[in-house]
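In what follows, chains carry the letters A, B, and so on, assigned in the order in which the sequence lines appear, proteins first and then strands, with residues in each chain numbered from 1.
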Amino acid sequence: MKVTIRKWQTVSSWHWDVSEECCGICRMQFDACCVDCKMPGDDCPPVWGACKHAFHMHCILKWLNSNQQQCPMCRSNWEFVTTD
Amino acid sequence: MSTKPQQKINLTHLKNYNASYQQADNTILINTAWKLLEDAIKTIHSKNASSLSFEELYRNAYNVVLHKHGEFLYNNLKKLLDTHLKNIAQGVEAANDEVFLKELNRCWNDHKTSMMMIRDILMYMDRTYVDQSKVAPVYDLGLNLFRDNVIHHKQIKDRLTNILLEMIKKERSGEMINRLLIKNITQMLIELGINSKIVYEESFENQFLATTAKYYQLESQQLISTCSCPDYMKKVETCLKDELERVSLYLDGSTESKLKEVSEKQLISNHMKTLVKMENSGLISMLTDDKIEDLKRMYILFTRVPDGLNLMKDVISKHVREIGREIVMDEEKTKEQGTYFQSLLDLKDKYDNLHINAFFNDKQFQHTLHQSFEYFINLNPKSPEFISLFIDEKLKKGLKGVGEEEVDILLDKILMLFRFIQEKDVFEKYYKQHLAKRLLLGRSVSDDAERNMIAKLKTECGYQFTSKLEGMFTDMRLSVDTMNGFKQYTQTLQSPLTFELSVHVLTTGFWPTQNTAHCILPREILHCCEAFKSFYLSQHNGRLVVWQTNMGTAEIKASFPSKTHELQVSTYQMVILLLFNDTQKIGFKEIAETTGIPIPDLKRNLMALTSAKNKILEKESESKTIEESDVFAFNTKFKSKLYKVKIMSVIQKETPVEVSETRHKVDEDRKHQIEASIVRIMKARKTMDHSNLISEVIKQLSSRFVPNPIIVKKRIESLIEREYLERSKQDRKIYNYMA
């Protein structure tokens, strides 16, 4: 008796590879999106600072653009850290 | 100088002399004049006026009045008319009942004609004497005297009323009467009132209304004990129409409203309750049998009387609530969600129809109906689930071959009922589950219909309500793009995939996905999975992918001794079947261990694989359920006429545990929403007292669910603990927002 797979239609789900549950600025979950987005996606990923605090990209950019250069959580100077 | 006063005295003397002379002369003159006028008036009364000279009479009357004898003339005229009318009254009184009215009418007409002539002759008196001494003008004097002498005559007054009423009574019982005559008489009564209707009211109307009331009291009592409700209403309609006609034919217009009130009170108000509650023909059976005409009639009749519509509304509301309650509490019906909901839709259709066609789109009725529907739909806590299931069923197969417009109409109808649901968040949970199944299994009949429904929900509940649902559609679209990319990517791979892999990638949070349920995939599958994962992650940074093995389907080739078949199975079933490539027989526990499939799911899927219809696997024990001691083997004797065999997965009914889990999730969500709402309100208002805050929260959230005040209170307390709010130091019932 032999069983072989011809076709598999499967389902997977993705979520951000982030340990914090929600963004420190908008307090929304990373799996949900920031207040300006309609759905999570590559436009607005979570980003990390050198201080290891994570925020929605849109959220932290808004913060930095308002002439604040410190992390809103720990007030250390903000520097983007890439995940790769 | 000295002569002047002398002269003056002389002049006065002369004047006095002249006056007395003239006075003596005048008395003769005036008496002659009056004699002339008196004769003339008598001639007028005997209808020989043509022989008279108007000019001569007018001149004489003029002279009398000019010489300041107006009062004399007026009083004489009054005496003369008085005598004349007393004679007339005797004539009228002597007439027997049959000609009484005719006689009276004749006299009246004669009197009017003669009074007009007399008025013309004495016109100068009307202009000067009457005006100055504020007495009734000649013509009105005639009317007053006619009233006092004839109409108010002891022997005439009551007789007149009685004869009139008698005639009307005859007409009510169907006899022909001389309407014109009555019209003349009532007209006379009006005219006699001069600018007021007091004579008409006293001599006729009051008694008429009283008899009408009595008449209809008896009549209605007799009717209601013999007729059914619709028949009674038809008769009442005719009666009311007849009465209205009566007014326009021979009564004064002012009687209309009073007559209406009196007859409506007797015919409708007094019997309203009996009518509505009449067994087998009352309001309820009219509703049950869709008697539109009768309902319309009832509505029209009941509009006329105070509280009529309220009574109708109350009865309808009570009835609808009862019917609805029967549907939502009927265990048979609630088992089959389809019929449950169809019955509600039918009920809604029925009452919408009645509302439009029988109740003239009355806003109050609509409100009552809505309230009743809201009441009973929310009696059954499963209503939100059932609505979603009903939509699911329609979107899966119910809409095949149905035109776009009809779909739209149906969806609108469903939405009408959806509006009555208080727990819209529970509905959302189920809708999400059902939509997920439709999308992932490709069960949806029409994408347009799906989007139409979402659009409708969006207009109904706002953007937040549907954003996740819309996200699900976006995920489906993105997955197609991803798969196209993946196909190209697989061609560049060194070791090609052993089977066709298609993946739906879902955004966590949009879908009702579970992170806990995953099973151990065989190596050959894992290889493909890894290929996809590395492709996907190369395109999307910073993501993690989790396989949702509780979903998904597979087509697998299975070679049986007799024939090779293609099996359509679920992911779990595929994993189970793959085990049998290596071994002949496997026990339940071993399957569970190697696959890692959660026990309830494993049991369900083994059931499907060992079912009598498609017995792919053989089970050693005979028991109907799957036991943990069971051992399974390939069914070598499997036979099917079809090449493709679809293994029906055992329908997953929500287990009680799952139900309470869903409930728990909903309650958790609500906590957040209540807190968010409290903070929003307090941020805007800064301070607010307890009861206002609670009612405001309930108002804000009512589009999604109706929060329990006790829970709202708990949330407030929790927010105080976390220092979002504080109690005012002056008044503990007042909260302050803490920035």
Counting only non-hydrogen atoms closer than 4.5 Å, does [X] touch chain A with its backbone (N, CA, C, O), its side chain (CB onward), both, or neither?
| X | value |
| --- | --- |
| Cys528(B) | neither |
| Thr498(B) | backbone |
| Glu566(B) | side chain |

For [X], does the [atom1] atom sit with more than 12 other heavy atoms under 6.0 Å from it, leaving out its own atoms?
| X | atom1 | result |
| --- | --- | --- |
| Lys432(B) | NZ | yes |
| Glu21(A) | CD | no |
| Phe473(B) | CZ | yes |
| Glu668(B) | CD | yes |
| Gln464(B) | CD | no |
| Lys563(B) | NZ | yes |
| Gln539(B) | CD | yes |

Should the pair Glu500(B)-Arg6(A) be classified as a salt bridge under the 4.0 Å nitrogen-to-oxygen rule?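 Salt bridge flag = no for Arg6(A) with Glu500(B).
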To the nearest 0.5 Å, tell me how far [X] [atom1] sits from [Y] [atom2].
| X | Y | atom1 | atom2 | value |
| --- | --- | --- | --- | --- |
| Lys7(A) | Gln568(B) | NZ | CD | 9.0 Å |
| Met483(B) | Gln9(A) | CE | CD | 9.0 Å |
| Asp17(A) | His540(B) | CG | NE2 | 15.0 Å |
| Trp14(A) | Leu544(B) | CH2 | CG | 10.5 Å |

Apply side chain to side chain contact (heavy atoms under 4.5 Å, CB included) to residues Val3(A) and Lys557(B) and explain how you reach the verdict. CA-CA 6 Å; Val3(A) 186; Lys557(B) 223 182 225 170; over 6 Å; no
Begin with the C-alpha distance, continue with both residues' side-chain angles, and end with the deciding distance and a verdict on side chain to side chain contact (heavy atoms under 4.5 Å, CB included) for Asp42(A) and Asn541(B). CA-CA 7 Å; Asp42(A) 293 334; Asn541(B) 249 337; 5.8 Å; no
Using the side chain to side chain contact (heavy atoms under 4.5 Å, CB included) rule, pick out the option among Thr553(B), Ile525(B), Leu501(B), Val505(B) that qualifies with Thr10(A).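 Of the listed options, the one satisfying the test is Leu501(B).
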Taking side chain to side chain contact (heavy atoms under 4.5 Å, CB included) as the criterion, tell me which of Thr571(B), Val503(B), Asn550(B), Leu506(B) meets it with Val11(A).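 So the option named by the test is Leu506(B).
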Check the side chains of Ser502(B) and Trp8(A) for a donor-acceptor pair under 3.5 angstrom, ignoring hydrogens and angles.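 On atom types as modelled, these side chains do not qualify, holding no pair under 3.5 Å.
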Would you tell me whether Gln548(B) and Ser12(A) have side-chain atoms, one donor and one acceptor, within less than 3.5 Å of each other?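 There is no such pair (donor and acceptor under 3.5 Å, judged by atom type) between the side chains of Gln548(B) and Ser12(A).
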Can you give me the closest heavy-atom contact between Phe510(B) and Pro40(A), atom names plus distance?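 In this case the closest contact between Phe510(B) and Pro40(A) is CZ-CD, 3.4 Å.
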Please report the C-alpha distance between Ile5(A) and Leu578(B) in whole Å, then the side-chain angles of each, then the deciding distance to 0.1 Å, and finally whether the side chain to side chain contact (heavy atoms under 4.5 Å, CB included) criterion is met. CA-CA 9 Å; Ile5(A) 303 169; Leu578(B) 282 173; 3.7 Å; yes
Does Thr474(B) form a side chain to side chain contact (heavy atoms under 4.5 Å, CB included) with Met39(A)? I'd like the steps, not just the answer. CA-CA 9 Å; Thr474(B) 316; Met39(A) 61 185 294; 3.4 Å; yes
